[in-house]
Amino acid sequence: MRIFSGIQPTGRKHLGNYIGAIRQYVEGQDRGDPAIYCIVDLHAISVAWDPAELRSNLYDTTAILLASGLDPDRCVLFRQSDVREHTELCWLLSSVTSHGDLNRMHQFKDKSSKQRELVSAALFFYPVLQAADVLAYRAEEVPVGEDQRQHVELMREIARRFNERFGEILVEPDHRIPEIGARIMDLQDPTSKMSTTGGSEQGTVYVLDEPAAIEKKFRSAVTDSGQGIVRGEGKEGIANLIEILSVIRGLEPSAIEEEFASAGYGDFKSAVAEATSEFLAPVRERYSEIRPDEKALDEVLSAGAERAAEMASVVLDEARSAMGLGPGSG
Ligand code: TYM
């Protein structure tokens, strides 16, 4: 099973990224043939960015992934801009992508309304590049959180349209969205997803947060004025905490509800804070060992890029040729 996923080099990955995606990447390494993980710096330039920060954030994200358990001997880990096939395939696919479909993308609507200076054409094109990322490898499975569902549906549609016109060259991938933890919510606003750009600082738990910061964030998490550690209407805050703890403990949410049936909100929040701290501590510790050696990180990324380019160039050659680009074989 060929697995592919991408993650933005925001540097500060949060608990939602970790639970919704990174833990799935780690799990996929031994199922993947291979499992391919890409840090998408080209996607990052679709909104305002600082060049020096982008490069440094890319190392941060690489180190977080390695610290979380990605092993370059068991997966392919690389930087998107190192593999030129992604941008080339993006253009090829744009010829079979409907403008109307791109206009319907929720993420474009959300992000474009937040841009203060420029809503770039790159932001509009973002899902086409994302489709190219996956389709260049004929990946079958795409581990992501819930917010990427629509983008994976679009890449299926693009692959279908391409194949109808040019022959069976691309593979329609399936998303892999976890049953629990696919949409971790902001602790201060449990009706919005936890997010680096849209969320509140106090409501976002970062993978690299110190235990004291984690505790403070959970202690001030917004809940409701009622009581009872149960999920339900008007209890989004508590439901989010139940979900977080159930992922960390590897239990069903109902088991968490039973365990804390007679607990108050304060005790429950402390339990979730403590479990989260313990859960993230090994990642933070390994990160501080890995991050300083940028040369070693570069070596991992360039070895990954070499393997990735080898796979992607095969698909690109077939796609170009079927589309009538370049010289003919006769
Ligand atoms: P990014 O970097 O924003 O997010 C990385 C992964 O984290 C998931 N995620 C969440 N999961 C649960 N709860 C949350 N609150 C939460 N917030 C984010 C995302 O669903 C994602 O899986 N467009 C992608 C990057 C990308 C990509 C790809 C993904 C580029 N090319 C190809 C898959 C395949 C993104 O914005 O990731």
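Counting starts at 1 for both ligands and their atoms, following the listed order.
- Residues Thr97 and Phe125 are not in side-chain contact: their nearest non-hydrogen atoms beyond the backbone lie 4.5 Å or more apart.
- In this view, Glu306 satisfies the side chain to side chain donor-acceptor pair (under 3.5 Å) rule with no residue, not counting sequence neighbours.
- Using a 4.0 Å cut-off between charged nitrogen and carboxylate oxygen, Arg183 and Asp147 do not count as a salt-bridge pair.
- For atom 13 (N) of ligand 1, the closest non-hydrogen atom of the protein is Ile184 N, 2.8 Å.
- Residue pairs satisfying the side-chain hydrogen bond (donor to acceptor under 3.5 Å, both in side chains) criterion with at least one member in residues 126-139, sequence neighbours excluded, are listed as follows: Gln8-Tyr126, Gln80-Asp133, His86-Asp133, His86-Tyr137, Gln130-Gln148, Gln130-His151, Arg138-Glu318.
- Within a 6.0 Å sphere centred on NZ of Lys295, other residues, nucleotides and ligands contribute 12 heavy atoms or fewer.
- Atom numbering of ligand 1 starts at 1 in the shown order; those under 4.0 Å from a heavy atom of Lys13 are 2 (O).
- What you find for Val222 and Gln188 is that their closest heavy atoms are CG2-O, 3.3 Å.
- With distances taken over non-hydrogen atoms, the option nearest atom 20 (O) of ligand 1 out of Thr204, Asp147, Ile177, Val144 is Asp147.
- Regarding atom 5 (C) of ligand 1, its nearest protein heavy-atom neighbour is Asn17 ND2, 3.6 Å.
- Proximity to Val142 (heavy-atom distance under 4.0 Å) selects the following atoms of ligand 1: 33 (C), 34 (C).
- Note on ligand 1: Met185 sits outside its first shell, no heavy atom being nearer than 4.0 Å.
- Near Tyr126, the atoms of ligand 1 lying under 4.0 angstrom from a non-hydrogen atom of the residue are 23 (N), 24 (C), 25 (C), 35 (C), 36 (O).
- Remark: distances from the non-hydrogen atoms of Ala182 to ligand 1 include one below 4.0 Å.
- Geometrically, ligand 1 and Lys193 share no nitrogen or oxygen pair separated by less than 3.5 Å.
- Interface of Gly181 with ligand 1, defined as ligand atoms under 4.0 Å from a residue heavy atom, comprises 12 (C).
- Partner of Lys235 under the side chain to side chain donor-acceptor pair (under 3.5 Å) criterion, out of Asn240, Asp224, Thr223: Asp224 alone.
- In terms of polar-atom proximity, Ser5 is not counted as a contact of ligand 1, lacking any N or O under 3.5 Å from an N or O of the ligand.
- Distances between N or O atoms of Met155 and those of ligand 1 include no value under 3.5 Å.
- Only the side chain of His14 comes within 4.0 Å of ligand 1, counting heavy atoms alone; its backbone N, CA, C and O stay farther away.
- A continuous path of Ile, Leu, Val, Met, Phe, Trp and Tyr side chains, each step under 4.5 Å between heavy atoms, connects Leu297 with Ile22, placing both in one hydrophobic cluster.
- Within the 4.0 Å heavy-atom criterion, the part of Val134 lying near ligand 1 is the side chain and not the backbone.
- Within the listing of ligand 1, atoms 28 (C), 30 (C), 31 (N) sit less than 4.0 angstrom from a heavy atom of Asp133.
- Between Tyr18 and Phe279, the distance from one ring center to the other falls under 6.0 angstrom.
- Protein heavy atom in closest approach to atom 25 (C) of ligand 1: Gly6 O, 3.5 Å.
- In this structure, a donor-acceptor pair under 3.5 Å is present between the side chains of Thr10 and Lys13.
- Nearest to atom 11 (N) of ligand 1 by heavy atom, out of Gly199, Ser192, Gly16, Cys38, is Gly16.
- At a 4.0 Å heavy-atom cut-off, ligand 1 touches Gln8 through backbone and side chain alike.
- Taking every heavy atom of Ile7 and a limit of under 4.0 angstrom, the matching atoms of ligand 1 come to 2 (O), 5 (C).
- Atom numbering of ligand 1 starts at 1 in the shown order; those under 4.0 Å from a heavy atom of Phe4 are 32 (C).
- In this structure the side chain of Ser270 never reaches within 4.5 angstrom of the side chain of Arg219, judged on heavy atoms.
- For ligand 1, the atoms sitting less than 4.0 Å from at least one non-hydrogen atom of Gly20 are 11 (N), 12 (C), numbered in the order shown with element in parentheses.
- Of the N or O atoms in Met194, one or more lie within a sub-3.5 Å distance of an N or O in ligand 1.
- Nearest to atom 28 (C) of ligand 1 among the protein's heavy atoms is Gln130 CG, 3.3 Å.
- At the top of the distance list for atom 6 (C) of ligand 1, counting protein heavy atoms only, stands Ala21 CB, 3.4 Å.
- Within the 4.0 Å heavy-atom criterion, the part of Val40 lying near ligand 1 is the side chain and not the backbone.
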